[in-house]
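What follows is one structure encoded as structure tokens, with my remarks underneath.
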Amino acid sequence: MEEAQRRALRRGRARLVAVLRVAPLWDPLEERGLFTRPMVEELQSAGSRGEQARQLIIDLETRGKQAFPTFLSILRDTGQGDLADMLIEECECLPGPPQPVDLRPVELDLRGEKHNKSARFPERLSVPVQAESERPRTPPVLAPGSAVDKRNRDLVYELKGDPCGRCLILNNVNFSRDSNLSTREGSDVDCEKLEKRFKTLRFDVLTRRDLKAQEMASELQKLAWQDHGALDCCVVVILSHGCQTSHIQFPGGIYGTDGNSIPIEKIVNYFNGSHCPSLRGKPKLFFIQACGGEQRDRGFVVDCDSPGDEAPGGSLESDATPFQPPSANMDEPDAVASLPTPSDILVSYSTFPGFVSWREVSSGSWYVETLDSVLEQYASSEDLLNMLLRVANAVSAKGTYKQIPGCFNFLRKKFFFACK
């Protein structure tokens, strides 16, 4: 299969996984010689419809030169011509392969005084050069994750709904005078980017702006109490000032506009298996743009190929507020009795606990700007954890003061977004 065709399959994979009807494909795939009966049975045993579709797309890349056009023909024959058109468009928008080079025999002139006179060579020697298309091809190596690799078949969350889930964005910009918290200039830029991005990723997006701490808790609880039975996942995005807090599970706290804070672990636990039964076994993703403390990291010197980005002078702000330890008479919860299992949860922090998170007035926060860019480029082909590594790497290279995003990951499977 040509590289452009492989890339088209990868770029269209998310949509194919979401909507491809695999049942009508099995007999034509076998009849036209793309897969043998044992290989078809292996694909059929890959799990749910979405998982079967994902394995099929991965395996198609290994099936030779005619696999792509044959697959397009089968799609049209089974009433899925819109998917065939989508793949053709993806293929046409990619740069074409280099033009073939006309390779001719090379004549080497072996006459000369420096040659060994005892050796008998013809005056000119023609060396045939074999064209690339004529060289024998080695059998393709099946990539890990293909249908024959049974280890990964159950390690991907399936997103089959449209919308695939709900996304709540809490965006606190203006804070009360009594809170002593500054206006978060640039946060609306972050909010607008993520609204558009998660709509593109097939989420039903709801945005709430400038909420007090109790109002934030109320919105989060309303989301957790909704019926998510027909949906596949849930996303919460919080853009606000943050602080350090005493915690058991997840560090940090988020400020409401009144200056009161909510611990992040309390926010997360609204959605755990005990409090939100309709999201049991489904991924729950939290993206937190807020400071984890007051420390400013100047980093350390390393050898690098290019200098880090410098933030424009005067426009750089942080979301930091001082750490307030609990009072001496506060009851401490029993750690063993109060810890529900936080399965299928991922909390992505804009910065390392205890450190500030940087935001620019004109372009928004480093974390959200980078997260949005990475999702735009890679959401159709990479899983979430891999993309968060890209975000951490890119953000860590910015500015004079340094910042490193990270996450607490309790997902049981790989998470791939479903792109429109």
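Values reported hereafter were calculated over all heavy atoms of this structure, with side chains retained and with hydrogens, waters and symmetry mates removed.
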Counting only heavy atoms from other residues, nucleotides and ligands, does the tally under 6.0 Å from CD of Gln44 exceed 12?
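Count over threshold, so yes.
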
For atom NZ of Lys413, is the number of surrounding heavy atoms from other residues, nucleotides or ligands below 6.0 Å larger than 12?
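Above 12, so yes.
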
Would a 4.5 Å heavy-atom cut-off, applied to side chains only, mark [X] and [Y] as touching?
{"X": "Leu170", "Y": "Leu220", "value": "yes"}
{"X": "Leu223", "Y": "Cys234", "value": "yes"}
{"X": "Ser350", "Y": "Ser365", "value": "no"}
{"X": "Ile288", "Y": "Ile267", "value": "no"}
{"X": "Ile262", "Y": "Tyr255", "value": "no"}
{"X": "Leu20", "Y": "Leu56", "value": "yes"}
{"X": "Phe417", "Y": "Leu375", "value": "yes"}
{"X": "Asp85", "Y": "Arg76", "value": "yes"}

What's the shortest heavy-atom distance between [X] and [Y], and which atoms?
{"X": "Asp190", "Y": "Glu369", "result": "OD1-N, 4.5 Å"}
{"X": "Asp204", "Y": "Pro163", "result": "N-CB, 3.9 Å"}
{"X": "Asp227", "Y": "Arg166", "result": "O-NH1, 3.2 Å"}
{"X": "Leu411", "Y": "Pro283", "result": "CD2-CB, 4.1 Å"}
{"X": "Glu51", "Y": "Ala46", "result": "OE1-O, 3.5 Å"}
{"X": "Cys243", "Y": "Ser261", "result": "SG-CB, 4.2 Å"}

State plainly whether the residues [X] and [Y] are in salt-bridge range, i.e. N to O under 4.0 Å.
{"X": "Arg10", "Y": "Glu61", "value": "yes"}
{"X": "Asp188", "Y": "Lys193", "value": "no"}
{"X": "Lys282", "Y": "Asp232", "value": "no"}

Run Cys191 and Val173 through side chain to side chain contact (heavy atoms under 4.5 Å, CB included) and show every step you take.
CA-CA 10 Å; Cys191 184; Val173 180; over 6 Å; no

Tell me, with the steps shown, if Ser373 and Gln377 meet side-chain hydrogen bond (donor to acceptor under 3.5 Å, both in side chains).
CA-CA 6 Å; Ser373 175; Gln377 294 180 66; 3.1 Å; yes

Under 3.5 Å, is there a donor-acceptor pair between the side chain of [X] and the main chain of [Y]?
{"X": "Ser179", "Y": "Leu181", "answer": "yes"}
{"X": "Asn269", "Y": "Glu265", "answer": "yes"}
{"X": "Arg184", "Y": "Asn172", "answer": "yes"}

Working for side chain to side chain contact (heavy atoms under 4.5 Å, CB included), residues Leu159 and Val17:
CA-CA 8 Å; Leu159 304 187; Val17 169; over 6 Å; no

Checking Leu83 against Leu87 for the side chain to side chain contact (heavy atoms under 4.5 Å, CB included) test, could you report, in this order, the C-alpha distance in whole Å, the side-chain angles of both residues, the deciding distance, and whether it holds?
CA-CA 6 Å; Leu83 296 179; Leu87 289 173; 5.7 Å; no

Trace of the salt bridge (Lys or Arg N to Asp or Glu O under 4.0 Å) decision for Lys196 with Glu192
CA-CA 6 Å; Lys196 293 179 179 177; Glu192 186 175 334; 3.4 Å; yes

Please test Glu215 against Lys212 for salt bridge (Lys or Arg N to Asp or Glu O under 4.0 Å), starting from the C-alpha separation and ending with a verdict.
CA-CA 5 Å; Glu215 293 171 333; Lys212 298 176 183 178; 5.4 Å; no

Does the ring of Phe416 carry Arg54 above it, NZ/CZ under 6.0 angstrom from centre and within 45° of its axis?
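So Arg54 does make the cation-pi contact.
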
Answer yes if the ring centres of Phe410 and Phe408 are under 6.0 angstrom apart, and no otherwise.
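No, too far apart.
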
Carefully, step by step, assess Thr257 and Asp210 under the rule side-chain hydrogen bond (donor to acceptor under 3.5 Å, both in side chains).
CA-CA 6 Å; Thr257 57; Asp210 290 347; over 6 Å; no

Asn260 and Gln214: CA distance, side-chain angles, deciding distance, side-chain hydrogen bond (donor to acceptor under 3.5 Å, both in side chains) verdict
CA-CA 8 Å; Asn260 294 320; Gln214 186 54 48; over 6 Å; no

As a quick check of understanding, evaluate salt bridge (Lys or Arg N to Asp or Glu O under 4.0 Å) for Asp27 and Arg32, giving each step before the final call.
CA-CA 9 Å; Asp27 288 342; Arg32 303 198 192 185; over 6 Å; no

Would Tyr157 and Asp344 count as having a side-chain donor-acceptor pair, cut-off 3.5 Å?
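Asp344 and Tyr157 do have a side-chain donor-acceptor pair below 3.5 Å.
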
Distance-only donor-acceptor check, side chains Ser187 and Asn171, under 3.5 Å:
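Yes, Asn171 and Ser187 have a side-chain donor paired with an acceptor closer than 3.5 Å.
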
Applying side-chain hydrogen bond (donor to acceptor under 3.5 Å, both in side chains), run through Gln80 and Thr78 and close with a yes or a no.
CA-CA 6 Å; Gln80 303 181 79; Thr78 56; 3.3 Å; yes

Trace of the side chain to side chain contact (heavy atoms under 4.5 Å, CB included) decision for Cys276 with His228
CA-CA 9 Å; Cys276 187; His228 301 263; 4.1 Å; yes

Specify whether Phe271 and Phe286 have parallel, tilted or perpendicular ring planes, treating 30° as the upper limit for parallel and 60° as the lower limit for perpendicular.
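Perpendicular.
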
Evaluate the criterion salt bridge (Lys or Arg N to Asp or Glu O under 4.0 Å) for residue pair Arg197 and Asp372; output intermediate values, then yes/no.
CA-CA 7 Å; Arg197 183 60 51 209; Asp372 178 62; 2.8 Å; yes

